[in-house]
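Source: prediction; values computed, not measured. In what follows, every heavy atom counts, from backbone to side chain, and hydrogens, waters and symmetry copies are set aside. If you read the sequence from its start, that first residue is 1, and numbering goes on from there.
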Amino acid sequence: MPLYRTHDCAALRPDDIDKTATLSGWVNSRRDHGGVIFIDLRDREGMTQVVFRPEENADAATAAHALRGEDVVRVTGRVAARLPGTENPKLATGAIEMVAAQLDVLSKADVPPFPIDEEIANEDLRLQYRYLDLRAGRMARNLRLRHKLTKAIRDYLDGAGYLEIETPILSKSTPEGARDFLVPSRLSPGAFYALPQAPQQYKQLLMVGGIERYFQIARCFRDEDLRADRQPEFTQVDVEASFVSTEEIQSLVEGMLAQVFRAARGIEIPTPFPRLTYAEAMGRYGSDKPDRRFGMELTDLSEVFARSEFKVFRGALDTGGVVKAINAKGFAGITTGQIEELTQMAKLYGAKGLAFIKVENGEWKSPIVKFFTDEEKAALREKMAMEEGDLVLFGADKWETTCEVLGRIRLRVAEILKLTNQSAALEFLWVVDFPLLAFSAEDGKWNAVHHPFTRPLEEDMPLLESGEYGKVRAQAYDVVLNGVELGGGSMRIHERDLQAKMFGVLGVGEEEQTVMFGHLLRALGFGAPPHGGVALGLDRLTMLVCGAESIRDVIAFPKNNRGIDLMTQSPSEVDFKQLRELYIQSAVKK
Ligand code: ASP
């Protein structure tokens, strides 16, 4: 068998004219011009036009006549200039064509369920025939970019002295947030492994093991109800280091992201990123991952309305809440339908309603203005910089509710007004000083906001002692890009007693601690270095770098939004015998 290719399908140029070359690839298209057959031959790199002339080689031309889209062929021939006027400037090889002397059909193709080179909308079909979808330009481009980006990350972390270490996929189930995927053990009847939600405990144990600087491109598994654009398995860039400060981890991540954007997009991003505390982020943007490509900040009006007669404001302020507003500049023309939509949204996030003022023809149009004094109106106009055409939207409730509601409204208004689409800006920032604990009314107990290994701020340790759990801040940080959380991490608890105390606060009793976290507590007793780390979502990062619309577009074989792999039809039923070996009985009735 002679060789398959001397060049790839994007390589030949006018310099190669009169040379003999061999190409292999897929038939992208075939055109019959009165017995002369043209095919566009495609491989990973690009496309070359091949022409079969009956007068030059009758056999090859006859064989070419029978070619169909996606047949796999090898062609040997002479490189020739295209006839003047038939060049294709859109193709890298558009100035030349190959005049075929020999054609070998390596593999015949069935009629594909969709045209390969078209961006078809039916994603289910694309996922079912994913291998065909991967041949299309978009997916091929995205996977290539993902490779580049991952390589940039590996090179960067290697350069900084980080060791890439694999941690187990068959690991231990611990209650840490999401639901585990369980794997029954045949050798330990009745016992289960869990797939890791993240390598969190292992990476901390690596620090106790003296590894000092670890990273992993780690697959993580969470059995959650799939909200939009989530996958049951996803990839994190997982990092942990000993003897480091928060600032050192943050600048490591900044350098890494700068390297990624340089390598994958040729863009220089400014570092260091701005830092906002959680309280500021919530207070000003109503979000712990604020999108700062546009303003429309939340303004506190509690002082303006301190003596308000308006029942709704009065009620909020008297019960320790706040009054806040955003100014949607130029949105006075909002339709009744849109107001209704925003009001429903406000209610969904806990507000009782959504008060507003439209500034139209020099007048304030609003059902609530009649409750305001002239003084209040003047102060409001000034504070909100109200002008003709503006729409001011109010929230009055507990601080958290008000911030959250206006934060959601702010994002929706920005979407309606297309404030984000116009801007290609990359707004990176750190959100820091998250609360350590949050009380869950549903569970009737305190839960960790990040995870139970997160270190409290040193200055807030006394609050932990005195039981003022809601006020304790964490040494935790999230990195945000354009309103998307790219990742997060924290300094960890490295003292056994403090870790045990934290488990206690979270309602994990002593016995349970030994069963579930005995390995970690024991390890912390053998000389644990101070340590901390971070994890970044690689799929989401790649999506943003590629400009893709869904994380499925940057994953070779994703599940659909019902957690199903449409190509292999998994999950699937298994043989009764397999179950018996695992001591498992299915309770699902057929
Ligand atoms: N393991 C954490 C997570 O997956 C990140 C970290 O704290 O490093 O969210």
Side-chain angles (χ1 to χ4, degrees), residues 177 227-230 250 253 257 273-302 316 321-329 331 341-351 354 384 391-423 425-438 447-450 454 470 473-474 476-490 534 536-537 540-541 543-544 551:
R227 276 178 274 153
D229 221 16
R230 293 241 179 162
Q250 288 174 340
V253 170
L257 288 171
F273 305 155
R275 276 131 174 95
L276 278 187
T277 64
Y278 169 84
E280 273 179 283
M282 288 305 294
R284 288 170 56 192
Y285 302 97
S287 167
D288 62 0
K289 41 179 191 300
D291 190 340
R292 300 216 296 171
R293 285 173 297 175
F294 55 93
M296 218 195 305
E297 289 190 24
L298 280 54
T299 305
D300 198 298
L301 300 170
S302 306
V322 293
V323 178
K324 279 173 171 271
I326 54 173
N327 185 348
K329 287 244 153 248
F331 199 24
E341 184 205 326
L342 294 183
T343 306
Q344 287 312 324
M345 187 168 197
K347 287 185 179 163
L348 184 67
Y349 291 102
L354 182 66
M384 298 306 300
L391 169 72
V392 175
L393 298 153
F394 293 86
D397 215 306
K398 285 192 310 234
W399 181 82
E400 291 83 3
T401 313
T402 308
C403 294
E404 159 116 44
V405 166
L406 285 180
R408 300 279 176 174
I409 303 268
R410 173 181 177 269
L411 287 179
R412 180 66 189 125
V413 168
E415 201 175 19
I416 296 171
L417 297 180
K418 299 198 168 50
L419 297 182
T420 47
N421 299 358
Q422 297 159 3
S423 153
L426 297 172
E427 287 290 342
F428 287 95
L429 71 117
W430 288 102
V431 176
V432 301
D433 297 353
F434 278 83
L436 183 72
L437 299 156
N447 288 333
V449 168
H450 278 90
T454 308
R473 289 165 299 169
Y477 32 81
D478 278 1
V479 61
V480 175
L481 169 58
N482 294 349
V484 176
E485 182 200 321
L486 288 182
S490 60
V534 71
L536 270 70
R540 189 139 287 131
L541 177 61
M543 174 185 136
L544 291 170
I551 61 168

| task | Please examine the side chains of Val484 and Lys289, heavy atoms only from C-beta on, and report whether any two atoms are closer than 4.5 Å. | result | no
Minimal heavy-atom distance between Ala396 and Val323, with the atoms involved, is CB-CG2, 4.1 Å
When rounded to the nearest 0.5 Å, the distance separating CD1 of Ile326 from CG of Leu298 is 6.5 Å
Check: Would a 4.5 Å heavy-atom cut-off, applied to side chains only, mark Arg292 and Leu276 as touching?
Finding: yes
One thing to verify: whether Arg293 and Glu427 come together as a salt bridge, which I'm taking to mean a side-chain N less than 4.0 angstrom from a carboxylate O. no
Residue set satisfying ring pair (Phe, Tyr, Trp, His ring centres under 6.0 Å) with Tyr278, at least two apart, ordered chain then number -> Phe434
To the nearest 0.5 Å, atom CG of Leu342 lies from atom CZ of Arg412 at 7.5 Å
>> I'd like to know if the side chain of Asp288 and the backbone of Ala281 have a donor-acceptor N/O pair within less than 3.5 Å.
In response: no
| field | Any donor-acceptor N/O pair, Asp433 side chain to Arg473 backbone, under 3.5 Å | value | no
In this structure, CG of Asn327 is separated from CG of Leu391 (nearest 0.5 Å) by 7.5 Å
Q) Tell me, do Tyr477 and Val479 make a side-chain contact under 4.5 Å, heavy atoms counted? A) no
Exercise. With distance as the sole test, does Arg410 use its side chain to make a donor-acceptor pair with the main-chain N or O of Met296 at under 3.5 Å?
Worked result: yes
Thr277 side chain to Val432 main-chain N or O, any donor-acceptor pair under 3.5 Å?
-> no
Non-hydrogen side-chain atoms of Leu541 and Leu257 separated by less than 4.5 Å: yes
Between Val480 and Gly483, the two heavy atoms sitting closest are CG1-N, 3.8 Å
To the nearest 0.5 Å, atom CG of Leu481 lies from atom CG of Asp291 at 8.5 Å
Check whether any side-chain heavy atom of Asp229 sits under 4.5 Å from a side-chain heavy atom of Arg540, and report yes or no. yes
Those residues at least two apart in sequence (or on a different chain) that pass ring pair (Phe, Tyr, Trp, His ring centres under 6.0 Å) with Tyr285 are none
Legend entry - Sub-4.5 Å side-chain heavy-atom contact between Gln344 and Glu341: no
Taken in chain and number order and not counting sequence neighbours, the residues that satisfy side-chain hydrogen bond (donor to acceptor under 3.5 Å, both in side chains) with Glu485 are none
Across all chains, not counting sequence neighbours, the side-chain hydrogen bond (donor to acceptor under 3.5 Å, both in side chains) partners of Arg275 are Gln250, Glu254
In short, Ala414 meets Phe294 closest at the heavy-atom pair CB-CZ, 3.3 Å
So CD of Glu404 and CG of Leu348: to nearest 0.5 Å the spacing works out to 9.0 Å
Contacts of Lys329 meeting side-chain hydrogen bond (donor to acceptor under 3.5 Å, both in side chains) (sequence neighbours excluded), chain-then-number -> Glu387, Asp390
Practice problem: Dump the intermediate steps for side chain to side chain contact (heavy atoms under 4.5 Å, CB included) on Leu354 and Met345, then the final yes or no. | Solution: CA-CA 9 Å; Leu354 182 66; Met345 187 168 197; over 6 Å; no
Hits for side-chain hydrogen bond (donor to acceptor under 3.5 Å, both in side chains) against Asn447, two or more places apart or cross-chain, chain-then-number order -> Asp443, Lys445
Closest heavy-atom pair, Gly283 versus Lys324, reported as atoms and distance to 0.1 Å, is O-NZ, 2.8 Å
Closest non-hydrogen atoms of Pro290 and Leu429, given as atom of the first, atom of the second and distance, are O-CD2, 3.8 Å
- prompt: If we only count heavy atoms from C-beta on, is the Val413 to Leu393 side-chain gap below 4.5 Å?
  reply: yes
Side chains of Phe428 and Leu486: does their closest heavy-atom pair fall under 4.5 Å? yes
Rounded to the nearest 0.5 Å, the CG atom of Leu406 sits from the OG1 atom of Thr401 at a distance of 10.5 Å
For Thr454 and Ala476, the nearest pair of non-hydrogen atoms, with its separation, is CG2-CB, 4.1 Å
